[in-house]
Novice: 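Dumping the structure here so I can ask a few things about it.
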Amino acid sequence: MAFNTRTKIKEVLALEPTGQDTIVMGWVRTFRSNRFIALNDGSTPNNLQVVVNYENTSEALLKRITTGACLKISGQLVHSTGSGQKVELQASHIEVLGDSDAEKYPMQPKKHSLEFLRENAHLRMRTQTFGAVFRVRNAIAYAVHQFFQQKGFVYWHSPIITASDAEGAGEMFKVTTLPLDGTAPKNDDGSINFKEDFFGKATNLTVSGQLEGELAAMAFGDIYTFGPTFRAENSNTTRHLAEFWMIEPEMAFYDIEDNQNLAEEFIQYLIRYTMAQNAEDLRFLDERLKEEEKALPQDKRSEMGLIEKLQFVVDNKFERITYTEAIEILLNSTPYKKKKFQYDVQWGIDLQSEHERFLVEKHFKKPVIVTGYPAAIKAFYMRLNDGCEPGRETVAAMDILAPGIGEIVGGSQREERYEKLVARMEAMHIPTHEMSWYLDTRRFGACPHAGFGLGFERMVQFVTGMTNIRDVIPFARTPKNAEF
RNA sequence: GGAUGAGUAGCUCAAUGGUAGAGCAAUGGCCUGUUAAGCCGUCGGUUGAAAGUUCGAUCCUUUCUUCAUCCGCCA
C-alpha cells in the first residue's frame with residue numbers, strides 16, 4: 001500500500017466542499033485554541049484550516065500538535081463558518097508523522113526578522129515569505145527554459161571547472177587536490193608546480209560560461225547556459241554572492257540591437273510567466289512589502305507596489321540610451337549641479353551605482369538599457385564600434401539597469417574580427433596563446449554574434465521585491481559564510 | 001577591501017557607571033469557532049569574546065569577532 005495518498009493543499013483549497021473524505025499531509029504553522037490547525041505543505045502560501053474535535057481527541061495527541069510538527073490528517077472537507085477561509089477540514093484522524101519539540105523549534109508563529117531567518121536558512125522555507133520567494137524562484141527558472149526552448153535555443157552546459165583565468169570577470173576560486181600544508185610540489189622558483197595537480201594545470205571555478213557559450217553559438221546558432229557561477233570577490237553588498245546562478249544566452253547573427261531586443265523580451269517574459277503562475281505568492285509578497293514599508297519614512301517608500309511595478313515593467317518598453325547620452329543626462333542633473341554625487345561625472349568614467357540609480361529611479365523611472373560604453377572600461381571580447389572619434393572609442397556593450405537592483409544584465413556584441421580581437425587582447429595583456437581555442441572561432445567561420453548574462457538571483461530579487469540577495473537563494477555563499 | 005551602525009532571555013526590544021526588565025515563545029492550570037498574540041501562574045540571562053580604566057562596567061577605552069547597511073568589484 002503506497003503511502004502518498006494525500007491531496008496537496010493547493011488543490012484542496014480550490015475544491016468545492018461537499019464533506020468529501022480528504023487526506024492531507026503537511027507541517028503545522030500554528031495550533032489555535034486547541035482546535036484549529038493551520039496546516040501548510042508548501043504547495044501554496046495559504047494554509048488549510050483543520051478543525052480538531054478536542055473533546056474526542058486524547059490529551060497526549062493534542063500535546064503533540066505543535067508548531068513545526070508534521071501531520072497526516074484525514075477528514076471531511078466542509079464549508080468553513082469562520083471568516084478567514086472558504087473551506088476547512090474536519091479532522092477524523094490525525095497521525096503525527098514527525099514531532100517538533102516546541103521548546104526547541106526556532107520558528108515561532110510570529111514575525112521573525114530576515115536576519116534571524118537567514119541564520120536559520122534550513123528552516124526558513126517553512127515560512128510564508130520564503131515559501132513564496134522560493135516558489136517564485138522555481139517559476140522563474142522554469143520560465144527561463146520555456147522562453148529559450150520555445151525559440152529553439154540549445155541548452156548548453158559550459159564547464160564549471162576551468163583552466164582559463166582570462167575571463168576577466170573577477171577573482172576566482174582555485175580548484176586543486178594539492179595539499180595545503182606547504183608540502184605541495186614546487187617549481188625551482190618556489191611557485192606551486194601545478195603540473196602535479198589533478199588537472200595538470202592551475203584550475204578555477206568558472207566566473208562565466210560565455211567564452212564556451214560562444215563556441216557553441218558558432219555551431220548551433222542560438223544557445224543558452226543556466227548554471228552556477230563563482231566569484232571570489234570580497235563583496236559585502238545586498239546584491240552580490242560568491243556562488244550564484246547566471247543565464248548566458250549567446251546568439252549567432254545577432255548585433256547589439258538584436259541583443260537588446262532579446263534581453264528585454266526575456267525579462268518581460270519571465271515576469272509575465274510568474275505573474276500568471278504564482279499570483280498568490282506575488283500577492284503575499286506585495287502585501288509583505290507594503291507592511292514592511294509602513295515602518296519607513298514616506299520618502300523611502302516605493303512609489304509602486306510590487307505587482308504594480310511588475311505590471312508596469314511588462315507594459316512599457318525599456319528606455320534605451322547610449323553611454324554618451326547617459327553622461328549628458330547626468331551632467332545636466334540636479335544632483336550633479338548641486339554636487340550631490342560622491343563620484344565625479346565625465347565621459348570615460350564607469351557609471352557608479354549612484355549614477356545608475358539616478359538614471360533608473362529618478363530620471364526614467366523604468367528599466368534602462370545603456371549601450372556604447374567606452375572601450376577602456378569594458379572587457380576585451382566586446383566589439384569595437386566603428387566610426388568613433390579618436391580618443392572616444394566605444395564598444396557594443398549593453399547593461400540593463402533595473403530599479404532597486406542596479407545592473408541585472410550585462411552583455412555585448414562580440415568582437416568577431418580576428419585582428420581587432422587579438423589587438424585588444426594584447427593591449428589588455430590577455431595571453432592569446434592560452435586562448436587559441438577561443439580565437440579559433442574567429443579563424444574558422446566567424447560571424448557577427450552577441451550575448452548577455454542575466455543574474456538569476458537579481459531577477460528573483462526584482463520579481464519578489466526582496467532587498468537582500470541572500471534572501472532569494474536557499475543557502476547563500478558570501479564572504480565568511482558557507483553555512484548549511 | 002573601505003565607511004557607518006549594531007551584538008542584552010528562544011524571538012523582538014528596553015534600561016542605568018552601583019551586577020538587568022517588558023511583550024511574545026516555552027511551560028503548568030483554566031477557557032474553547034479561532035485567524036501571530038484568550039485568562040492566571042511559572043521558567044528563563046557569566047548583557048558577542050578578551051583585555052584595560054574604575055571601589056564597582058551591560059554602559060567608558062582598546063583589540064578581536066559576527067551581523068546589518070552603504071560604497072568598490074559585478075550578474
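Keep in mind the model is a prediction, meaning the values are calculated, not measured. Sequence lines set the chain letters: A, B, ... in the order given, protein chains first and strands last, and positions in each chain run from 1. FYI, side chains are in, hydrogens and waters are out, and symmetry mates aren't considered; it's all heavy atoms of this structure.
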Novice: Which nucleotide wins on minimum distance to the side chain of Ser80(A), given the candidates G33(B), A75(B), U32(B)?
Specialist: G33(B)

Novice: On a plain distance test, is the side chain of Thr81(A) in donor-acceptor contact with the base of G33(B) below 3.5 Å?
Specialist: yes

Novice: Kindly say whether, by distance alone, the side chain of Glu103(A) makes a donor-acceptor pair under 3.5 Å with the base of G44(B)?
Specialist: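 Under the 3.5 Å cut-off, the side chain and the base do not form any donor-acceptor pair.
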
Novice: Could you let me know what G28(B) is paired to, Watson-Crick or G-U wobble, both distances under 3.5 Å, or none if it's on its own?
Specialist: C40(B)

Novice: For the side chain of Thr238(A), counting heavy atoms from C-beta on, which of U12(B), C71(B), U69(B) is nearest?
Specialist: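 The nucleotide sitting nearest to the side chain is U69(B).
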
Novice: Counting only Watson-Crick pairs (N1-N3 plus N6-O4 or O6-N4) and G-U wobbles (N1-O2, O6-N3), all under 3.5 Å, who is the partner of A75(B)?
Specialist: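 Its partner: none found.
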
Novice: Any idea how Phe173(A) and Phe230(A) line up, ring-wise: parallel (<30°), tilted (30 to 60°), or perpendicular (>60°)?
Specialist: perpendicular

Novice: Choosing from G33(B), A75(B), C67(B), which nucleotide comes nearest the side chain of Phe36(A)?
Specialist: G33(B)

Novice: If you only use heavy atoms from C-beta on, which nucleotide in G33(B), U12(B), U69(B) is closest to the side chain of Phe116(A)?
Specialist: U12(B)

Novice: Taking only the P atom of each, what is the distance from U12(B) to U8(B) in whole angstrom?
Specialist: 8 Å

Novice: When we call it a touch if two heavy atoms are under 4.0 Å apart, what does Leu241(A) touch: a base, just sugar-phosphate, or nothing?
Specialist: base

Novice: Only one of Arg424(A), Gln210(A), Glu214(A), Gln413(A) forms a side chain to side chain donor-acceptor pair (under 3.5 Å) with Tyr381(A), so which one is it?
Specialist: Gln210(A)

Novice: Can you check the distance between G18(B) and C60(B), where both ends of the measurement are the C1' atom (answer in whole Å)?
Specialist: 15 Å

Novice: So what does Phe244(A) hit on the nucleic acid, given a heavy-atom distance under 4.0 Å: a base, only sugar-phosphate, or nothing?
Specialist: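 Contact class for Phe244(A): base.
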
Novice: Could you identify which residues of residues 475-484 of chain A place a heavy atom less than 4.0 Å from some atom of RNA chain B, listed by residue number, or say none?
Specialist: Lys480(A)

Novice: With ring centroids as reference points, do His122(A) and Phe475(A) lie under 6.0 angstrom apart?
Specialist: no

Novice: We want to know whether Asn261(A) and Arg320(A) form a side-chain donor-acceptor pair, criterion being a heavy-atom distance below 3.5 angstrom.
Specialist: yes

Novice: Indicate, with a heavy-atom threshold strictly under 4.0 Å, whether Ile408(A) touches base, sugar-phosphate, or nothing.
Specialist: sugar-phosphate

Novice: With rounding to whole Å, what would you report as the distance between G52(B) and C59(B) at their P atoms?
Specialist: 14 Å

Novice: Would you mind pulling out the nucleotide paired to A68(B), Watson-Crick or G-U wobble, both distances under 3.5 Å?
Specialist: U4(B)

Novice: Please state the C1' separation for the pair U27(B) and U65(B) - nearest whole angstrom.
Specialist: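 My reading of the C1' atoms in U27(B) and U65(B) gives 35 Å.
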
Novice: For C71(B), take OP1 and OP2 only and decide whether either is under 4.0 Å from a side-chain N or O of Arg239(A).
Specialist: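 Indeed, a polar side-chain atom of Arg239(A) lies that close.
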
Novice: Got a sec: does the CD of Glu257(A) have more than 12 other heavy atoms crowding it under 6.0 Å?
Specialist: no

Novice: Out of C11(B), A68(B), A75(B), which has the shortest distance to the side chain of Glu115(A)?
Specialist: A68(B)

Novice: Counting only side-chain heavy atoms from C-beta out, which of U27(B), U32(B), G33(B) sits nearest to Gln90(A)?
Specialist: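 The closest nucleotide is G33(B).
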
Novice: For Arg458(A) and for Pro109(A), find the nucleotide of RNA chain B with the closest heavy atom, then tell me which residue's nucleotide is more 5'.
Specialist: Pro109(A)

Novice: Reckon Glu356(A) touches a base, only the sugar-phosphate, or nothing at all at heavy-atom distances under 4.0 Å?
Specialist: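 Answer is nothing: Glu356(A) stays at 4.0 Å or more from every strand.
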
Novice: Do Glu233(A) and G72(B) have a side chain to base donor-acceptor pair shorter than 3.5 Å?
Specialist: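 Flag unset: no donor-acceptor pair detected.
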
Novice: Both distances under 3.5 Å, Watson-Crick or G-U wobble: report the partner of G23(B), or none.
Specialist: C11(B)

Novice: When you measure from every atom of RNA chain B, which of residues 279-292 of chain A have a heavy atom less than 4.0 Å away?
Specialist: none

Novice: Among A68(B), U35(B), G72(B), which nucleotide has an atom closest to any side-chain atom of Asn468(A)?
Specialist: A68(B)

Novice: Using a cut-off of 4.0 Å on non-hydrogen atoms, how would the nucleic acid contact of Glu119(A) be classed: base, sugar-phosphate, or nothing?
Specialist: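 Touches nothing.
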
Novice: Starting from the C-alpha separation in whole Å, work towards a yes-or-no answer on side chain to side chain contact (heavy atoms under 4.5 Å, CB included) for Phe312(A) and Glu303(A).
Specialist: CA-CA 12 Å; Phe312(A) 179 85; Glu303(A) 287 179 32; over 6 Å; no

Novice: Answer with yes or no whether the side chains of Arg414(A) and Ser412(A) bring together a donor and an acceptor at under 3.5 Å.
Specialist: yes

Novice: For U35(B) versus G2(B), give the span between their C1' atoms, rounded off to a whole number of Å.
Specialist: 48 Å

Novice: Think Lys309(A) forms a cation-pi with Phe462(A), using NZ or CZ under 6.0 Å from the six-ring centre and within 45 degrees of its axis?
Specialist: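 Yes, Lys309(A) lies over the aromatic ring of Phe462(A).
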
Novice: Taking the side chain of Ser113(A) as its heavy atoms from C-beta onward, which of A36(B), U12(B), A75(B) lies nearest to it?
Specialist: U12(B)

Novice: Of all the choices, C71(B), A75(B), G33(B), which nucleotide is nearest to the side chain of His240(A) once you look at every atom?
Specialist: A75(B)

Novice: Report the residue (Pro106(A) or Glu88(A)) whose heavy-atom-nearest nucleotide on RNA chain B is the more 5′ of the two.
Specialist: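 This one resolves to Pro106(A).
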
Novice: NA contact type, Arg118(A), heavy-atom cut-off 4.0 Å: base, sugar-phosphate, or nothing?
Specialist: sugar-phosphate

Novice: Using a distance-only criterion (donor-acceptor N/O pair, under 3.5 Å, no hydrogens), is the base of C31(B) paired with the side chain of Arg35(A)?
Specialist: no

Novice: Does the ring centre of Tyr155(A) sit less than 6.0 Å away from the ring centre of Tyr224(A)?
Specialist: yes

Novice: Between A14(B) and G21(B), how far is it from one C1' atom to the other, in whole Å?
Specialist: 7 Å

Novice: Reckon Gln85(A) touches a base, only the sugar-phosphate, or nothing at all at heavy-atom distances under 4.0 Å?
Specialist: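 Here Gln85(A) touches the bases of the nucleic acid.
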
Novice: For the ring pair Phe148(A) and Phe266(A), is the centre-to-centre distance below 6.0 Å?
Specialist: yes

Novice: Would the base of A75(B) count as contacting Arg231(A) through its side chain, where contact means a donor and an acceptor less than 3.5 Å apart?
Specialist: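 Indeed there is one.
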
Novice: In Å, rounded to the nearest 0.5 Å, how long is the span from OG1 of Thr30(A) to CD1 of Ile65(A)?
Specialist: 11.5 Å

Novice: Is the phosphate of C71(B) approached by Gln342(A) (side-chain N or O, under 4.0 Å from OP1 or OP2)?
Specialist: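 Negative; the distance criterion is not met.
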
Novice: Tell me which nucleotide among A37(B), C74(B), U69(B) gets nearest to the side chain of Arg32(A).
Specialist: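 Of all the options, the side chain of Arg32(A) is nearest to A37(B).
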
Novice: Testing the 3.5 Å rule here: is there a donor-acceptor pair between the side chains of Arg29(A) and Asn40(A)?
Specialist: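 Asn40(A) and Arg29(A) do have a side-chain donor-acceptor pair below 3.5 Å.
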
Novice: Given the C1' atoms of U54(B) and C40(B), what is the spacing between them in whole Å?
Specialist: 45 Å

Novice: Apply the salt bridge (charged side-chain N to carboxylate O under 4.0 Å, His left out) test between Asp286(A) and each candidate in Arg288(A), Arg283(A), Lys290(A); give the one that qualifies.
Specialist: Lys290(A)

Novice: Tyr54(A) on top of U32(B)'s base, within under 5.5 Å and under 30°?
Specialist: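 Stacking is present between U32(B) and Tyr54(A), given that their ring centres fall under 5.5 Å apart and the planes under 30°.
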
Novice: Any base atoms under 4.0 Å from Ser83(A), or only sugar-phosphate, or nothing? Heavy atoms, all strands.
Specialist: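 Base contact - Ser83(A) has a heavy atom under 4.0 Å of at least one base atom.
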
Novice: So does Ser353(A) get a side-chain nitrogen or oxygen closer than 4.0 Å to the phosphate oxygens (OP1/OP2) of G72(B)?
Specialist: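 For G72(B), OP1 or OP2 has a side-chain N or O of Ser353(A) closer than 4.0 Å.
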
Novice: Between His355(A) and Tyr343(A), what is the ring plane arrangement, given parallel below 30°, perpendicular above 60°, and tilted in between?
Specialist: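 Correct class here is perpendicular.
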
Novice: Touch check for Gly82(A), heavy atoms < 4.0 angstrom, all strands: base, sugar-phosphate only, or nothing?
Specialist: base

Novice: Provide the distance between the two P atoms, one in A20(B) and one in C24(B), to the nearest whole Å.
Specialist: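 Looking at atom P only, A20(B) and C24(B) are 23 Å apart.
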
Novice: Assign Ser235(A) to base, sugar-phosphate, or nothing according to its heavy-atom contacts below 4.0 angstrom with the strands shown.
Specialist: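 Result for Ser235(A) = base.
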
Novice: Would you kindly give the CD-to-C1' distance between Glu354(A) and C70(B), to the nearest whole Å?
Specialist: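 Glu354(A) atom CD is separated from C70(B) atom C1' by 11 Å.
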
